[in-house]
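What follows is a set of notes on a single structure, which appears directly below.
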Amino acid sequence: MSSFSTSPGTRDILTPDAARWRKFQDVFASVVEEAGYGLIIPPIFEDLGVFLRLGEATDVVTKEMYDFEDKGGRRVALRPEQTASVCRAFVQHRPTTPWKVWYAGPNFRYEKPQQGRYRQFDQVGLEVLGVEDPYLDAEVIALAAQFYARLGLKEVQLSVNSLGDAGDRQRFTDVLRAYFESHLGELSEDSQVTLTKNPLRVLDSKRREDQAIIANAPRIRDYLSPTAAEHFAAVLAALDAMNIQYVIDDRLVRGLDYYRRTTFEFVSTALQAAHTAIGGGGRYDGLVEELGGPATAGIGFALGLDRTLLACDAENVFPAPNTDVFAFVVDTTGGYEAALVCNQLRMARIGTDRAFDNRSMKAQMKAADRSGAQVAIIIGSNELEAGQAVIRPMNSGEQYSVNRADLLAAIQNEVSKFQSAN
RNA sequence: GUGGGCGUAGCUCAGUUGGUUAGAGCGCCAGGUUGUGGUCCUGGAGGCCGGGGGUUCGAGACCCCUCGUCCACCCCA
C-alpha cells in the first residue's frame, strides 16, 4: 500500500511547534497593533502580473514563481511575498493614507529546500503606504527591533543602506557596471552572468574570488542625490537617538528590484547556517505606480518565521507555550463521571482534559502527567459511592477529598493558588 | 538549477571483508503495585532495511536508476 508524505519544501508543523508559531504571530500582532497597524489578509494566489512587478531580473520572478493556469484560463501565481499584494490592494481599494498594515502567513517560492529555506515559508511583516517621512523609516526599523527584543533575541545585527532615488540608482548602476566590466576577467563566472542582468546584485556575491573587486567597487553613498542623502541621514540620526545599533552596509542591495532609498536587513549572529538573514525590508516608492496606482511612497519589512525561530533556538529563548490544560480527570468508574466533570469545569473556563476507553488508573495518571495539568481529579468507585472526588496537585504527594458539589469551587481555589504562585 | 552526504522500528542511530530467525537507546503498551503519574525492574507490540532493477548460491550491505531528505552553491526570509 502506497502512502503519502508532504511535498518537497513543505512540512507539517505539529504542536508544540505549531503553538509556538501562533504565539510568535501573537507577539508580532501586539507589537504592531499597539503602533497603529491594522491586519490585512490578502489572498494566497493572485494574477501573475502582480508579482512580475517585483523585477524581471530577480530570481523570485524568473525561476521561483509557483505559477499556473486555473480552470478559467487565468494565469495566477502563489504569492512569493506579500508586499506586491499589499500594493495591489492599495490600488484596488484606495484607502486613505497613511495606510499602515501588517500581515502574517505563508509564501511560496520554487527553490531547492535547505536549512531555513522552504518552498512554503511563513513571514510576518508590515507595510506603510503614502508616507515619505524619514522618521517613518526609523519607526519601521524600530518596530522590528522591538519585536526581536520581545522574543528575547539579543544577537541580532541590523544593517542599513540607501539605494537612493530611481535616478541615483540608475546612475550608480551604470558606474558599477563600467567598474565591473573593467575587471571582468577577475570576476567569477556566476558574477559575470549576474552583471549582465543586475550589476547591483554582484555586490551581494559571497564568492571568495569576487571579494577583492567588490571591496574596491564604487559606493552608492557617493552617488546619492542631496535629497536622498538628507533622507538617509535623518533615518540614521533617528536610529541613533533611539539607541538602535546598526552598521551601514554599502553592499546591502537586497534581492528585489523595487527597493529605493532606505534598505535594511536583520542578521542573526547566533546562527551558523548559510541563511542568517532573519528579516529585511526597505522603501519601494515606485511600486504602487507600477501596479497602476498613483505615485505613492511605500516602506515595509518581512521577517522569516522559520529562521527567526531557528535564531530563538540558537539563543535558547522564546520556548513553546505551556498547555492550557489545568485539570485532568481520572475516572476509573467507566468515564461517565469524567464526562460530567469535564463539561462542568470547561463551562467555567477551566482547562480540562481526560482519558477515554476506561483505561487503568495507572495509565490515566500517566496521561494526566503528560498533559501538563496542574491537578488531577480522581474519581474511583469509593468516590462515586461517597459523592466525592479526590484532588491531587501533580507537583506534590498530597491529595484531598471534596464533595462533588464543592468540586468546582475547590478547583477554582487551586487555580488562584497556581496563578499567585506564578 | 549545480555539487556533495544520508535514507534500517514512532524518534535518534548500530549493523564487522556480502553469510542463518535484523539490533540498541528513547518513546509507546502492559505487568510488578487488584486505587495513583514523574524514579526503578520485567515483559510486549512495532521493520517488504525509501522504491525499482541488477550482480551473487546468498544483498540491509555491492552496482545502476528513481524518489525523499540534509548540507553547500545560486538566491532569499
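Note on naming: letters A, B, ... go to the chains in the order of the sequence lines (proteins, then strands), and numbering restarts at 1 for each one. Everything numeric in this text was worked out from a predicted model, so none of it was measured.
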Side-chain donor/acceptor of A:Q364 to base of B:U36, under 3.5 Å: no
Applying the salt bridge (charged side-chain N to carboxylate O under 4.0 Å, His left out) criterion to A:R75, which one of A:D47, A:D70, A:D67 satisfies it? A:D67
Kindly point out which of B:C70, B:G68, B:U36 is positioned nearest to the side chain of A:M361? B:U36
Expressed in angstrom and rounded to an integer, what is the separation of A:R119 atom CZ from B:A77 atom C1'? 16 Å
In whole Å, what separates the C1' atom of B:A22 from that of B:G32? 30 Å
For the residue pair A:H183 and A:Y179, categorise the inter-ring angle as parallel (less than 30°), tilted (30 to 60°) or perpendicular (more than 60°). tilted
Side-chain (A:N161) to main-chain (A:D249) donor-acceptor, under 3.5 angstrom: yes
Should the pair A:Y110 and A:Y66 be assigned to parallel (<30°), tilted (30 to 60°) or perpendicular (>60°) ring geometry? perpendicular
With A:N107, which of A:R79, A:R119, A:Q120 fulfils side-chain hydrogen bond (donor to acceptor under 3.5 Å, both in side chains)? A:R79
Watson-Crick or G-U pairs under 3.5 Å in RNA chain B, rendered as dot-bracket with [ ] for crossing pairs and | for another strand: (((((((..((((.....[...)))).(((((.......))))).....(((((..]....))))))))))))....
For nucleotides B:G4 and B:U66, find the distance between their P atoms and express it as a whole number of Å. 14 Å
Whole-Å P distance, B:G7 and B:G51: 14 Å
Heavy atoms under 4.0 Å, any strand shown: does A:G125 hit a base, just sugar-phosphate, or nothing? nothing
If you find the nucleotide of RNA chain B closest to A:E81 and the one closest to A:S7, which residue's nucleotide is nearer the 5' end? A:S7
With sugar-phosphate meaning primed atoms plus P, OP1 and OP2, does A:D122 contact a base, only sugar-phosphate, or nothing at under 4.0 Å between heavy atoms? nothing
For the P atoms, the ones on B:G58 and on B:G1, what distance do you get once it is rounded to whole angstrom? 38 Å
Within residues 365-373 of chain A, those residues having any heavy atom closer than 4.0 Å to RNA chain B are A:M365, A:K366, A:D369, A:R370
Do side-chain atoms of A:S360 reach the backbone of A:A363 as a donor and acceptor pair under 3.5 angstrom? yes
Could you measure between the two C1' atoms, the one in B:U33 and the one in B:C41, and give it in whole Å? 12 Å
Contact list for RNA chain B against residues 401-422 of chain A - heavy-atom distance below 4.0 Å: none
Give me the distance, rounded to whole Å, that separates B:G27 from B:G37 when you measure between the P atoms they each carry. 16 Å
Quick check on RNA chain B: between A:H275 and A:T6, whose nearest nucleotide comes earlier from the 5' end? A:T6
What distance, rounded to whole Å, do you find between the two C1' atoms, one in B:U17 and one in B:A59? 14 Å
Restricting to pairs with a member in residues 322-333 of chain A, which pass salt bridge (charged side-chain N to carboxylate O under 4.0 Å, His left out), not counting sequence neighbours? none
Within the structure, does a side-chain N or O atom of A:Q114 lie under 4.0 Å from either OP1 or OP2 of B:A72? yes
Measure the distance from CG on A:L200 to C1' on B:C75 and round it to the nearest whole Å. 15 Å
Backbone N/O of A:T6 and side chain of A:R11: donor-acceptor pair under 3.5 Å: no
Round to a whole Å and report the spacing from OH of A:Y258 to P of B:C76. 11 Å
Minimum-distance nucleotide to A:M394 side chain [options: B:C70, B:A77, B:G37]: B:G37
When rounded to whole Å, the CD to P distance for the pair A:Q374 and B:G38 reads 17 Å
Give each protein N/O atom lying under 3.5 Å from an N/O atom of nucleotides 2-6 of chain B, with the pair distance.
{"residue": "B:U2", "atom": "O4", "partner": "A:K112", "partner atom": "NZ", "Å": "3.2"}

Out of curiosity, A:F121 CZ to A:L305 CG, how far, rounded to the nearest 0.5 Å? 11.0 Å
Closest to the side chain of A:R307, out of B:A77, B:A72, B:G35, is B:A77
Give the table of side-chain donor-acceptor pairs shorter than 3.5 Å for residues 98-106 of chain A, with sequence neighbours excluded, one pair per line with atom names and distance.
{"residue": "A:K100", "atom": "NZ", "partner": "A:A35", "partner atom": "O", "Å": "3.0"}
{"residue": "A:K100", "atom": "NZ", "partner": "A:E139", "partner atom": "OE2", "Å": "3.3"}
{"residue": "A:W102", "atom": "NE1", "partner": "A:E33", "partner atom": "OE2", "Å": "3.0"}
{"residue": "A:Y103", "atom": "OH", "partner": "A:E127", "partner atom": "OE2", "Å": "3.1"}

Give one of base, sugar-phosphate or nothing for A:S268, where a contact means two heavy atoms less than 4.0 Å apart. nothing
With distance as the sole test, does A:R109 use its side chain to make a donor-acceptor pair with the main-chain N or O of A:P80 at under 3.5 Å? yes
Which is it for A:D137 and A:H231 under the side-chain hydrogen bond (donor to acceptor under 3.5 Å, both in side chains) test, yes or no, and what are the steps along the way? CA-CA 9 Å; A:D137 303 33; A:H231 182 100; 2.8 Å; yes
A:M65 CE - B:C75 C1' separation (whole Å): 14 Å
Among B:G31, B:A77, B:C71, which is the nearest nucleotide to the side chain of A:E111? B:A77
Regarding the side chain of A:E383, the nearest nucleotide among B:G35, B:A77, B:C71 is B:G35
Tell me, do A:L345 and A:L408 make a side-chain contact under 4.5 Å, heavy atoms counted? yes
May I ask you to say what A:R359 touches in the nucleic acid, namely base, sugar-phosphate or nothing, with a heavy-atom cut-off under 4.0 Å? sugar-phosphate
Does A:Q115 reach the main-chain N or O of A:H275 with its side chain, forming a donor-acceptor pair under 3.5 Å? no
What is the distance, rounded to the nearest whole Å, between atom CD1 of A:I391 and atom C1' of B:U36? 15 Å
Heavy-atom check, side chain of A:I411 versus side chain of A:F326, under 4.5 Å: yes
So, for A:F147 and A:F24, is the gap between ring centers shorter than 6.0 Å? yes
Rounded distance (Å) that lies between atom P of B:U39 and atom NZ of A:K362: 11 Å
Please confirm whether the shortest side-chain N or O distance from A:R117 to OP1 or OP2 of B:A72 is below 4.0 Å. no
Between B:U8 and B:C13, how far is it from one P atom to the other, in whole Å? 9 Å
Nearest-angstrom distance from the residue atom CZ of A:R392 to C1' of B:G35: 11 Å
Has A:R307 got a side-chain atom pairing as donor or acceptor with A:S268's backbone, closer than 3.5 angstrom? no
Counting only distance, no hydrogens or angles, is the base of B:G35 paired donor-acceptor with the side chain of A:N382 under 3.5 Å? yes
Heavy atoms only, 4.0 Å cut-off, all strands: where does A:I378 land among base, sugar-phosphate and nothing? base
